Structures are given as C-alpha cells and as structure tokens.
Number of protein chains: 2
Amino acid sequence: MKEDKEITIYDIARRLNISAATVSRSLKEHQSISTATRKKVHAMAKEMGYRTNSFARNLRTQQTHTLGLIVPRLNSYVVSSIIAGIENIASEYGYNIIISQSLGSAKKETSNINMMFDSRVDGLLVSLAYNAKNMDKFKMFFDKNIPVVFFDRGCEDPRSLNVVIDNYRNAYDVTRHLAEQGCSRIMHITGDLSTNIYEERFRGYKAALRDSGLSFSDDLLLVSDLTEKAGVDAGNHILQMTNKPDGVFAANDNCAAYCLQTLKEAGVKIPQEIAFAGFNNDPVSRIIEPNLTTVNYPCHEMGEVAAKCLIDHLSGTRTVDNANTVVLRSEIIARASSLRK
Amino acid sequence: MKEDKEITIYDIARRLNISAATVSRSLKEHQSISTATRKKVHAMAKEMGYRTNSFARNLRTQQTHTLGLIVPRLNSYVVSSIIAGIENIASEYGYNIIISQSLGSAKKETSNINMMFDSRVDGLLVSLAYNAKNMDKFKMFFDKNIPVVFFDRGCEDPRSLNVVIDNYRNAYDVTRHLAEQGCSRIMHITGDLSTNIYEERFRGYKAALRDSGLSFSDDLLLVSDLTEKAGVDAGNHILQMTNKPDGVFAANDNCAAYCLQTLKEAGVKIPQEIAFAGFNNDPVSRIIEPNLTTVNYPCHEMGEVAAKCLIDHLSGTRTVDNANTVVLRSEIIARASSLRK
DNA sequence: TTGTAGGCGTTATCAT
DNA sequence: ATGATAACGCCTACAA
C-alpha cells in the first residue's frame, strides 16, 4: 500500500552519524543536547520528511494524548456547540478527540465506552443518554485512574468530575416567571425523567409551582423525546385537552417552538391564552414568533471548561480546587412568548 | 499512574501453558487454531481482563483503524448532521474518528491536516473552509496513497474522491422558481466566493437570471459570512437600498431567516414585496414565518456515503465504480416565503 | 553531551 | 495446530 518507507529516527541518525538516542532527544528538545546537534537533527528531519510514529511513542510511554467523547447524539444545537468548545481547548493543548454517539441505545453507549477504553484514551468526556443507576460501565476507568468528566448531564459518583448548569434553579426560575405573568395551569413538556437533567428540571418546576401557590397534577406533565415531531404532537395534544394549560414550559427550545407553532396555527393566542418558555437559547428561539423565553445555556463555555478540567487533571494541575463539580452560570432570558404586560 | 499492570497475551499464554503466538491467533479467530484452544483463550482473556493494546497492533500492522475528520466548524446544522452520519458508518465498521475544526483559519486548517497525518489516520474526510488553490496541503496523503474524501465542498484534484450535491443546479432551480413567482430583481446573499459551493451557487443563480431574461448587477450580490448577524445586517442593508430587490436567495437558511425577520419587522410584506429562499432545510426554515423555501440538503446521507466510500476504498472494495465524484440527490422545497399565488 | 541496549505488546515468518 | 523469534519505532536508564 504505502509508497515509500517511513523515515525513522534511525534513518536520521545514520545520515548524521550520530545515535538514534541523540536524535530522539533532539526532537524532544531535551536539555542535555547541544544546540548545534539539535539544529542539525531538526533540519535533517525536515529534509527527510520525518514524522514521529505516535504508536511507537504511545506504546513506549503508555499515553495517547487522546480524549474520548461520548454523547447521546452529535447533531443537536447544544451538543455540537459543546463539542466545538471542547475541540478548541483540546487542540490548543495538543490532544486528539475521538467521538461517538449512542443515539439513545444503551447497548451502543456501552460498546462506545468499551471502545474508548480499548483505544486507551487518556481521559473521557461524557454526556450520558440516561442516568446510569450504577457506574459499573465506567468501573474500568475509575479502577485505572483514568479521569472521567461528565458534562451537561452530571453523575453522582464521587470519583467523577462534573461540569453542569443548575437545571433545578433555572427550571424553577422559568416556572416562577410564568406564574408571575399570571399563569396558573403551567404544563411541563420534558424528556425521559430517568435522565437527570430532565428530572432536575421537573423538580425545579414542581417546586416553583408549590412556591407560587399552584398545584401540580399528572395531566400537566408530558414526557416525550423533545424532537420537532414531539413538539407538534404536544401541540395537538394540548388542543384536545378539555382543561387547557395557560402556560407551557418545555425542556428544550426546538420542541417548544414546534409546539407553539402548532397551537398558533390553530388560533391560540400566544402569550395571552398560553404563555411559553423553552430551554437552551437555541437559534430557533429567536426566530419563532413570538420569540421564545428560554434559558441561556453556555454550551461553548461548557465544552471549554470540561476539556480544560480534564486536561488539567491529566497534567496533575488541578485548578478545580477540591470541588468535583463545576456549575456554570446560566440564566433565564425573558422574551415575548411569555410576557403578558 | 496506572493502578495495576496491563494484561498481555504473554500473561494469558503463561497461565494456559501455550505460546503467545497461539493466544494472538486465537484472539483473531485465526483458522488454524483448534476450537478448544480458542475457547480456552477467550475465556481466560475475559477472566484476566485482557484488552488488546492497539498501539502495539498499530505499530505492527501499520494501520490505525482511525479516520480523520476536518471541517470548518463543528457547530452548524449541516456539519453536525453530516458528522452524525459519518459516525454511524464508522462505528459500524469499527473505525474511530478524530475530529478537528479550522474555524475559518487557514493556519489552523493546515495544522489540523498535519496533525491528522501525524496521527497516521487510515483515511481522511474533509470539508475545506476555502477552496485551496493547490492541493499541496494534502500532497503527503496523496503521496502515501492515503485516501482523502471531500464532502460538502468538493475538490478538483483528480486523485480525490468527492461526495457533494449539485449546488449549481439547486441554486439554478431556486432562482428560476423565484423568477417564476414574478420576481425580477433577485438578490443573492452568499458566503466567500472562493469557497466552491458558494461560487457554484452563484453561477447557478446567474445562469437562472439569464435564462429568465433577468439581468444581474453587482448591487444584487451580497457577500457575508452567512451568520445570524450577517442576516440581520443584510436585512438592514436592503431596507436602505433605494432600488430594492423583490426576491432574495440566500445561500443558507439561518442567514435567510434572520434577514427575513429583520425585513418583516420593518413592515416589508413577505412574499408579496420580497420573496425569499434559503438553502439547507435547516429547522429554522420551518419555524420562520412565512416558512422558508429552501433546498433539501441530505446531510445525514452525505455523512454516511462519504464514510462508506472511504471505508470501501480502504478495504479495496471500491463500490463507487470509476467515478470519483458522488452527487447526492437534493431538491428545492417550495414554501410560503416565496409562493405568491 | 552522547551512545548502548532493552523493552513496550503485537503480529508475521518460519519452523515443527 | 502450535511454538520460537524477529521485527515494528520509540524512549530511557545506565554507561561512557
């Protein structure tokens, strides 16, 4: 297959009449090598088109300079933005990233985790599809002291590092906001409640109802997969309810937008009859009319912080004091879809 | 760092009183090994918690089973969806993916290419930020016969494989459609024209104008970075034009949507005064009102086809006959933003 | 400052 | 069907 032989440090050594060790050290800018030799080596390496063989080095050093990334799905606004942030930092520090998505399949998620382990990544960045009841899947990483950083969706295991936002608080704020705008029957559209972010948002929502003197009932909760279609379905569902809500808080903007749109097309006045709020500050939230009240999710920052946290950990430079959980700032953005004044 | 020693095939061999070679062969399901031995080996490997060391194997076999992925930016609807498709196929065939983004920096793009080369990827999947005048950057890949598949934005080099859509044709169709709806001054908002997709769309647009008996003038062309902000700016620009267009074809939906929104807020009637069309079939195109006429971009399919094409090539199974360019089907979707009847 | 030599864990080529 | 052995290319004590 390969056209010509790969150049090795031995080839360089031969041409320069020095030892391979000297070449190796020169390439690594080792202190103990004279500047003259170093220069010669670099020049020759360049001339001969040498490239270091990372396998040989990895095999020797037992390090890969590669980070594993596991997410539920790659093509979502939040996830892809987080990844962009991760890539920024990783490339700055010379780390490669291997990606994988589970697409909601627990089986694929497990196989991805194993794949990452077999690829011997130096560390792992994970956003779990569902709340793992136990962290057995990651046991091998913990056992070998391979750091695992959970982002977006955190993980309760004390051995894990977490980079998250305060889902409870944000959901609480959004729901209170809706209540303050005069809503008394606030519906919550969310994802699988075994996923901690959705569970936390649900708790925040319920707490806000309680603190606002409003009551919760099961018909106010709609669990879906939060897709576009789920939004449309939710809208149609609401249209058929006899006792309609006067407020909706959806756990993501995309679903909220399509739900809102469906209702609007059926003649429902937003926000007068039903006030709306979403989550994420997705671009659609600024296109839908009325613009969607939402929560500003610091995606890019989260990616950068998570990657930095992992890399710091790998270099022994723990900046994240003793805390094993970083909570990023995020806040509600009130827009027309919920403002009734 | 590591807790306990890694298990090697030698450890397994010792425990089983056989040779390491036999263990290696058993693990690979080699024909010449008795079923009994194979079973024993597998059982013992599992019991001892063995995992193959891919570096050693890579070092030996000179293969990485890793694909490199280079894109302008990771967090866009089109790109993230393509990546999702790539991941699907890659993981099915047991390939890892390392990602990188250039963020529009030619320097970072070059450094990413080099990084991929040094990582010794088996093949490369590339969407170039700008049209490279020369393919020198990829010379090292071509020289070593490492296959490079260009997707989204193709590449003219005869040694490259391409997976693209017909940008010229789609742009032509969209523009003709606008003309048929009665537009006579159709503006084109696009990205850097040194990027081939934008150049092709521009050509398709101009050809359609000509074939519709309309004339082109420089004030009908607006080059931007196609971001949200560029859309708003474009809208404001149009508002200030004395001789306003009566149709707008933007090279991406996100930009089109924000432009449309800006005009609408200023009281411009869409599509009566200005008809609109975008490109990509991004979710925002179905949220903006009126819904945006656009071109259905087969992102997911493109990712899958590109990955499949690369992997086939690696295994010597060229399915893509002699053609080195695959053009995926894509078509215009007419929606309210351009329908004047 | 530089050289020598052994080993990282596999796979592949010979043998047996 | 299995074993012995030599690479693969690099790093790093230890020596000089």
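Numbered from 1 within each chain, the chains take letters A, B, ... in sequence-line order. For the numbers below, each heavy atom of this structure counts, side chains included, while hydrogens, waters and symmetry mates do not. The model shown is predicted, which means the values in this text are computed figures rather than measured ones.
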* Structure fact -> From CZ of Arg14(A) across to P of dG3(C) the rounded distance in Å is 14 Å
* Starting at atom CG of Asn17(B), determine the distance to atom P of dT2(D), rounded to an integer number of angstrom. => 13 Å
* Asked: Within the side chain of Ser315(B), is there an N or O that forms a donor-acceptor pair under 3.5 Å with the backbone of Ile311(B)?
  -> yes
* Using whole Å, report how far CG of Asn53(B) lies from P of dG7(C). => 17 Å
* **dC11(D) phosphate, OP1 or OP2, under 4.0 Å from Gln62(A) side-chain N/O** => no
* Asked: Please give, in whole Å, the distance from dG9(C) P to Leu59(B) CG?
  -> 12 Å
* **Among dC11(D), dT2(C), dT10(C), the nucleotide that comes nearest once only the side chain of Lys28(A) is considered** => dC11(D)
* If you check every side-chain atom of Arg60(A), which of dT12(D), dC11(D), dT5(D) has the closest atom? -> dC11(D)
* Asked: Does the Ser119(B) side chain pair with the main chain of Val121(B), one donor and one acceptor, at a distance under 3.5 Å?
  -> no
* **Within residues 32-46 of chain A, residues whose heavy atoms come under 4.0 Å of DNA chain D** => none
* Does a side-chain heavy-atom distance below 4.5 Å link Asp118(B) with Ser54(A)? -> no
* **Proximal nucleotide (of dT13(C), dC10(D), dG9(C)) relative to the Thr8(B) side chain** => dG9(C)
* Basic-acidic side-chain contact under 4.0 Å: Arg14(A), Asp11(A) -> yes
* Could you grab the distance from atom CG of Asp192(B) to atom OG of Ser194(B), nearest 0.5 Å is fine? => 3.5 Å
* Please determine if a side-chain N or O atom of Tyr50(A) lies less than 4.0 Å away from the OP1 or OP2 oxygen of dC10(D). => yes
* Structure fact -> When rounded to whole Å, the CG to P distance for the pair Asn58(A) and dT10(C) reads 14 Å
* **ring pair (Phe, Tyr, Trp, His ring centres under 6.0 Å) pairs, two or more places apart, involving residues 98-124 of chain A** => Phe117(A)-Phe141(A)
* How is Phe55(A) classified with respect to the nucleic acid when contacts are heavy atoms under 4.0 Å: base, sugar-phosphate, or nothing? -> nothing
